[in-house]
Structure formats: C-alpha cells, structure tokens
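Below is one structure, written out as structure tokens; the observations come after it.
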Amino acid sequence: MSGSSTSPRSGNLVIALVAALVASLAVIGWLVAQERGATDDLRDARSRTQTLAAEADAEKAALEAAKGVLAEITTYSWKEGEHDFAWLERIANADLREKLAPNVGDLQKAIVDGKVSAQGEVVDAAARAVDDTQVEVVAFVDQAITDEESADVKIEEQRVSMTMTLVGGEWLVDRLELLSGTNTGVGSGEGTGEGAQ
C-alpha cells in the first residue's frame, strides 16, 4: 500500500525530470543555432571586410598608375625629336591601342614641326573600385603648352575618365575618355589621341 502511494510521486518526478531534460535540450539547441548564426555572421563580416580592404588597395594602386599614365601622355618636348609613346604599351584594351597607334607618326611630326613642348600635371583625381581588378578613375589634368615662337604658356584643362584593369599584376588602361568642359562624355575614339596632346 505504501508502494502505491509513492508511485504517483515517482511518476510525477520522472515527468518533471523528462520535462526539464526536454527544456534543457531545447535551450542547448537554441544556443547552438545562435552560435552557428553568430559564426556565419562573423564569417560574412570578415569576408566583407577583406573585400573592402582589397578594393581600397585596388583603388589606391590603380589611381597612382592612372596618374602616372596621364602625366606621361600629356608631357613631351619637341627637342627630343619625337614624343615618347611608350605609354601605349600600358593600354590593355587592344581596340583602343590600335585606334591610337596610327596617329603616333602624325602627332610626333606635329610636335616637332610646331616646336611644341608640354608639361602635364594631374591636379585632382578620384577612384572607385568596381572590384579588386577593375577601377574607374576621373582625373583633372592641367597641361602647360609652349612653343618656340611664343613666350606665352597656354594652359589646357582636361577632364579624363578612364578604367584601369589589373593585368598580370600591373594596372593598365582599359578605357580612356576625354570629357568636354560641360562634363559631357565623348567616345574613347574621339579626342583621345589629339586632345591629350
């Protein structure tokens, strides 16, 4: 009889223990899911941080390369007998390079015949990464032009939009476009050769 009186208590105790165990398992499951979610969030945040850092590095490197090319394009002297067009090798876009190359001879002749010299300077520039291998650059270039017949210095103010692409570890020009004074874009074939001179 005493056994039958303790039986309900034992049953209640077992039920309570099972309920506590189920609740504990549910809490543990929830904590594991939360931890897994936090780990995924942390992994995503690290990945995004790495991407942003890579893009920031790309912007900096591409901007410096673009400034170098623009200064080289807009600086020359007739006294050297020819304008150095070695910068053509730093153009990755084959179509653009082929479009500019045929003008080299005429430009060299015009520079020498006109006894023209120029000094280009990038006065301001900004870059925006499309990704870590492609960067858009907008630059403002002042080009001081002189000739032997005049002591006057003519300042050409040029706005340039270009795309730099990482090729074999080097930032090369993929697109080069001169912008008009009203900031309206012109096709890369228009003004790219003569306007830079």
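The analysis underlying the following values was restricted to heavy atoms, covering all of them including side chains, and did not include hydrogens, waters or symmetry mates. Bear in mind that the values here come from a model prediction, so they are computed numbers and not experimental data. The residues of the chain are indexed from 1 along the displayed sequence.
Each of L52 and L63 belongs to its own hydrophobic cluster when Ile, Leu, Val, Met, Phe, Trp and Tyr are linked at side-chain heavy-atom distances under 4.5 angstrom.
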Q. Could you walk me through whether E170 and V167 pass the side chain to side chain contact (heavy atoms under 4.5 Å, CB included) check?
A. CA-CA 5 Å; E170 187 179 2; V167 180; 5.9 Å; no
Q: Please assess L100 against L88 for the test side chain to side chain contact (heavy atoms under 4.5 Å, CB included), listing each intermediate value before the final yes or no.
A: CA-CA 8 Å; L100 293 174; L88 278 171; 3.8 Å; yes
Q: Evaluate side chain to side chain contact (heavy atoms under 4.5 Å, CB included) for V135 paired with V130, printing each intermediate quantity in order.
A: CA-CA 5 Å; V135 175; V130 176; over 6 Å; no
Q: Could you walk me through whether V173 and M164 pass the side chain to side chain contact (heavy atoms under 4.5 Å, CB included) test, one step at a time?
A: CA-CA 5 Å; V173 179; M164 303 296 289; 3.9 Å; yes
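Of the possible donor and acceptor atoms, one in the side chain of T75 sits under 3.5 Å from a partner among the backbone N and O of G120. A donor-acceptor contact shorter than 3.5 Å links the side chain of R97 to the backbone of I91.
In this structure, CD on Q119 lies 11.5 Å from CG on D142, to the nearest 0.5 angstrom. E177 contributes atom CD, which lies 10.5 Å from atom CG of L96 (distance to the nearest 0.5 angstrom). Between the CG atom of D113 and the CG atom of D147 there is a distance of 12.5 Å, given to the nearest 0.5 Å. The CD1 atom of I145 sits 9.5 Å away from atom CD1 of I111, with the distance rounded to the nearest 0.5 Å. For the atom pair W171 CH2 and T133 OG1, the distance stands at 6.5 Å (nearest 0.5 Å). Once rounded to the nearest 0.5 Å, the distance linking CH2 of W78 with CD of E148 reads 5.0 Å.
Q143 and Q158 form a side-chain donor-acceptor contact under 3.5 Å, judged by distance and modelled atom types alone. Side chain to side chain, R175 and S161 meet the donor-acceptor criterion of an N or O pair below 3.5 Å.
In this structure, L178 and V160 have side chains that are in contact, with non-hydrogen atoms separated by less than 4.5 Å. The side-chain heavy atoms of D57 and K60, taken from C-beta on, include no pair separated by under 4.5 Å. Counting only heavy atoms from C-beta outward, the side chains of I155 and V153 approach each other to under 4.5 Å. Residues V138 and D124 form no side-chain contact, since every pair of their non-hydrogen atoms from C-beta on lies 4.5 Å or further apart. Contact annotation: the side chain of F85 never approaches that of I73 to less than 4.5 Å [non-hydrogen atoms, C-beta and beyond].
Between E72 and R90 there is a salt bridge, since at least one side-chain N of the basic residue sits less than 4.0 Å from a carboxylate O of the acidic one.
Checking each of L176, L172, D174, T163 against N93 for a side-chain contact (heavy atoms from CB on, under 4.5 Å) leaves exactly one that passes, namely D174.
Nearest heavy atom pair, residue A125 against residue K67, reads CB-CE, 4.0 Å.
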